Every structure is written in C-alpha cells, then in structure tokens.
There are 2 protein chains.
Amino acid sequence: MESSEVRASGYWYGDDPEARTGVDALNALRRYRVAETAMRRRTRSALRMNETDMMALRFIVNAEREARAVSPKDLAGYLGISSASTTVLVDRLVASGHLSRAKHPSDGRAVVLAVTPTTHADMQETFGDMHRRMMAVARQLDAHEATIVTSFLEQMSHAVSHEEK
Amino acid sequence: MESSEVRASGYWYGDDPEARTGVDALNALRRYRVAETAMRRRTRSALRMNETDMMALRFIVNAEREARAVSPKDLAGYLGISSASTTVLVDRLVASGHLSRAKHPSDGRAVVLAVTPTTHADMQETFGDMHRRMMAVARQLDAHEATIVTSFLEQMSHAVSHEEK
DNA sequence: GGCAGGTCGCTAGGCCGGCTAAGCACTTGG
DNA sequence: CCAAGTGCTTAGCCGGCCTAGCGACCTGCC
C-alpha cells in the first residue's frame with residue numbers, strides 16, 4: 001500500500017544515487033535471511049548432513065573449544081529435541097565417523113561426546129572462511145556505524161519477538 | 001580467539017557507553033536470526049501449521065494482493081518442493097479450511113488456488129502487527145543510516161553466499 | 001549398608017512431510 | 001487428429017522427529 005513512497009525520502013541526501021531508505025534496509029535484511037538459509041542448505045548438502053546434525057556438531061566443537069564436556073542431555077536441551085531423538089542423532093553421527101561416545105569418568109550413567117579430529121578440521125574448513133569474511137565486513141564498521149547497525153538489529157529483534165501487544 | 005579486543009575500537013566515540021564495534025553488530029545479527037526463528041516457531045504452533053504450509057499461505061496471500069493467480073506448480077517452484085508434495089500440501093490446507101481449489105478458466109489441467117476469507121483475515125492479524133512494528137523501526141532510519149545498514153547487510157549476504165573462493 | 005526414587009541414555013513404535021515413479025486428464029503442434 | 005508435452009494426482013518409500021517405557025546407575029534417607 002505504501003510502495004509509491006519507497007524512494008521518496010532522499011530529501012537531505014538530495015538525489016545521491018546511493019541514498020537508501022529504511023524500507024531498503026528492511027529488504028536487505030530479508031535478503032540476508034534468504035542468503036543465510038541458502039548457505040545452510042548448501043553446507044548441509046555438501047556435508048551430507050541435516051540441519052540438526054550440523055547444529056549439534058557446531059555446538060560440540062564450540063564446547064570443546066572452551067574445554068566443556070557435552071552429554072547427550074546437554075545436546076538435547078540445546079537443540080530442543082527429545083532425549084530419544086538425541087540418541088538416534090548421536091548414533092547417526094557416530095556411524096558417520098563425526099562423533100565418538102566415551103564413558104563419563106565419575107557418573108556411570110552419563111556419556112561424554114567428542115568430535116573426531118577429522119570432523120574438527122572439516123568444520124574449521126567449512127565455516128572458517130565464511131566466518132573470516134563476515135568478521136572482515138564487521139571490522140570495517142567504525143564505532144558510529146556499528147552503533148547504527150546494532151541498534152537497528154536490536155530494534156528489529158524486538159519488533160519480531162514482541163508477541164504481547 | 002579475538003574476544004579480548006571486542007570493545008577496543010571506541011577511539012572516536014571516546015568512551016561513550018553507547019559505542020559499539022563491528023563484532024557487536026555481528027552478534028546483533030546473530031541474535032536477530034535467533035529471534036526470527038523463534039517467531040516463526042511460535043507462529044507455526046499458534047496456527048497449528050508447519051513452516052512450509054505457512055510459507056505457502058503467505059505466498060498465496062501476497063499473490064492475491066497483486067491479483068496474480070497461483071497454481072500448484074507456482075507454489076512448488078516457490079517452495080522448492082516436488083509437485084507431488086505440493087499436491088499433498090494443498091490437500092492439507094484445503095482440509096484445514098485455509099485454501100480452496102478452483103478450475104483454471106481456460107486450461108482444464110490447471111488448478112487455481114485461493115485462500116479462504118477467514119485465513120486472509122487470520123494472516124493479516126498474525127503478521128500485520130509485526131510487519132507494522134518492523135516498518136516503524138525501518139522508517140526511523142534517515143537516508144544516511146539506511147545506507148549504512150543496507151550496505152552492511154548486503155556485504156553480509158555476500159560474505160555468506162560466497163561459496164567460490 | 002541398603003533400598004526408594006530420580007536421572008541418563010536407549011529401544012520400540014508411530015507420525016509427518018518430504019521424495020520418486022507412474023498414471024490420468026487435458027492441451028497443443030505437426 | 002494423434003503424439004508428445006504439461007499439470008496434477010496417487011502410491012509407496014524414507015528420514016527424522018515424537019512419546020512411552022525400560023534397564024543401569026546415582027543418591028539421600030533410614
């Protein structure tokens with residue numbers, strides 16, 4: 001209904017062809033989401049793995065980075081799936097050689113999960129470059145710009161979360 | 001590895017407590033994604049519907065807004081699922097009273113999909129407020145800010161899409 | 001010390017939503 | 001006017017989630 005005024009607010013940027021409006025920013029945000037979703041799908045199919053399995057591996061890799069042990073229960077909580085589904089998920093990842101199960105040193109019921117060295121390297125390779133590119137873009141922002149971007153995204157998060165009227 | 005310098009670049013904002021860095025912006029982007037994902041899950045469960053069905057309805061509603069007829073084939077293409085799955089999806093949505101099938105006026109093979117008035121209203125109600133809130137945030141940006149935000153998001157999209165080295 | 005109740009992970013079985021293959025109804029080009 | 005193409009559907013399969021329920025183990029109370 002308001003598409004006719006989309007480009008109407010260049011009043012103080014004059015007719016700078018680079019001038020953008022808030023609506024452009026909104027569209028860019030939508031496009032980013034699409035790009036990210038596509039990236040996830042690509043990664044998933046490249047590694048022959050579903051989204052949940054991906055997230056599980058990333059979670060465990062990150063936990064290992066800070067020397068934190070991960071149990072199936074932790075994983076289930078993080079992923080928001082049942083413990084039964086988690087068992088099957090871990091089975092899959094063990095079968096595909098990405099993960100190993102080990103007994104918990106002090107609790108006989110518990111299991112400690114660890115990624116195999118190969119997988120650790122694969123994850124690094126798969127996400128390392130992308131993460132570096134994103135970081136490079138982020139670092140280009142000066143404090144002024146970072147504040148604007150951060151504030152915009154925080155407000156958008158709020159707009160999206162705000163279920164109460 | 002670089003967490004120790006996260007807040008180190010406030011050099012020209014001085015010690016303004018509001019000053020942010022690119023890394024903050026990156027984190028805000030990640031948080032936005034989480035918020036959006038959560039919103040989708042909430043909506044889905046509120047409407048007792050899966051993600052694909054949601055997207056299908058939104059697609060059809062938007063198409064109707066611009067008086068464009070939607071066939072199952074169009075839907076399949078948009079959603080990236082097979083025509084068989086689309087048939088079943090349409091069956092579901094017709095059964096739940098969200099959608100109706102009608103014969104195409106000139107092509108006897110084709111089907112035209114339309115949402116029921118109730119659904120149209122429901123969708124409006126469900127997404128209307130959120131969309132308005134997002135639009136309100138977007139409109140607060142002046143051209144300068146919008147340019148910064150848009151450029152950041154475009155570069156991030158690129159960073160994420162860039163699969164070729 | 002030993003048992004009652006809680007916790008952890010597993011197995012079994014069901015459902016949902018995707019897929020491919022194949023078929024039917026209709027359109028269209030030679 | 002029929003052969004090939006197109007749109008949608010049906011049939012049957014599979015992956016990944018779920019709940020229910022089990023055995024092994026831990027722990028707090030007597």
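Keep in mind that this is a model prediction, so the values were computed, not measured.
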Exercise. On DNA chain C, which is the earliest and which the latest nucleotide, 5' to 3', with an atom closer than 4.0 Å to a heavy atom of chain B?
Worked result: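 Answer, 5' to 3': C:dG17 to C:dT27.
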Problem set entry | B:R68 CZ: over 12 foreign heavy atoms closer than 6.0 Å |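 Enclosed: over 12 neighbouring heavy atoms sit under 6.0 Å from CZ of B:R68.
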If I take atom [atom1] in residue [X] and atom [atom2] in nucleotide [N], what distance separates them, rounded to the nearest angstrom?
| X | N | atom1 | atom2 | answer |
| --- | --- | --- | --- | --- |
| A:R109 | D:dC22 | CZ | P | 19 Å |
| A:D53 | D:dC17 | CG | C1' | 12 Å |
| A:M55 | D:dC17 | CE | C1' | 15 Å |
| B:N50 | D:dC18 | CG | C1' | 15 Å |

Exercise. Could you walk me through whether B:E36 and B:R40 pass the salt bridge (Lys or Arg N to Asp or Glu O under 4.0 Å) check?
Worked result: CA-CA 6 Å; B:E36 211 206 65; B:R40 283 168 182 268; 3.3 Å; yes
Exercise. Just by distance, with hydrogens left out, do A:S71 and A:D74 show a side-chain donor and acceptor under 3.5 Å apart?
Worked result: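 The criterion, which ignores hydrogens and geometry beyond distance, is satisfied for A:D74 and A:S71.
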Any residue meeting side chain to side chain contact (heavy atoms under 4.5 Å, CB included) with [X], in chain and number order, not counting sequence neighbours:
| X | result |
| --- | --- |
| A:Q140 | B:Q155 |
| B:T37 | B:R33 |
| A:N62 | A:R65 |
| B:A146 | A:R20, B:L141 |

Exercise. Do any N or O atoms from the side chain of A:R133 and from the backbone of B:H162 form a donor-acceptor pair under 3.5 angstrom?
Worked result: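 Side chain of A:R133 to backbone of B:H162, a donor-acceptor pair under 3.5 Å: yes, one is there.
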Exercise. Taking the side chain from B:E64 and the backbone from B:V115, do they hold a donor-acceptor pair closer than 3.5 Å?
Worked result: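 Yes; at least one donor-acceptor contact below 3.5 Å.
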Exercise. Does anything in residues 92-102 of chain B pair up under salt bridge (Lys or Arg N to Asp or Glu O under 4.0 Å), and if so which pairs, sequence neighbours excluded?
Worked result: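 Listed by first then second residue: B:D53-B:R92, B:D91-B:R101.
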Problem set entry | Any pair counted as salt bridge (Lys or Arg N to Asp or Glu O under 4.0 Å), so long as it reaches residues 79-90 of chain B, sequence neighbours left out |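 Of all non-adjacent pairs touching residues 79-90 of chain B, none passes salt bridge (Lys or Arg N to Asp or Glu O under 4.0 Å).
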For this session: May I have all residue pairs that pass ring pair (Phe, Tyr, Trp, His ring centres under 6.0 Å) and include part of residues 23-61 of chain B, sequence neighbours excluded?
Result: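 Checked against ring pair (Phe, Tyr, Trp, His ring centres under 6.0 Å) - neighbours excluded - the pairs reaching residues 23-61 of chain B are B:F59-B:Y78.
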For this session: May I have all residue pairs that pass ring pair (Phe, Tyr, Trp, His ring centres under 6.0 Å) and include part of residues 100-122 of chain A, sequence neighbours excluded?
Result: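 Counting only pairs at least two positions apart or across chains, no ring pair (Phe, Tyr, Trp, His ring centres under 6.0 Å) contact touches residues 100-122 of chain A.
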Problem set entry | Strand contacts (DNA chain C) in residues 82-95 of chain B, 4.0 angstrom heavy-atom criterion |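 Within this stretch, B:S82, B:A84, B:S85, B:R92 sit under 4.0 Å of the strand.
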Exercise. Which residues in residues 97-108 of chain A have at least one heavy atom lying under 4.0 Å from any atom of DNA chain D?
Worked result: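 Correct list: A:S106, A:D107, A:G108.
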For this session: For DNA chain D, determine which residues of residues 66-77 of chain A have any heavy atom closer than 4.0 angstrom to one of its atoms, and list them numerically.
Result: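 Per residue number, the list is empty: none.
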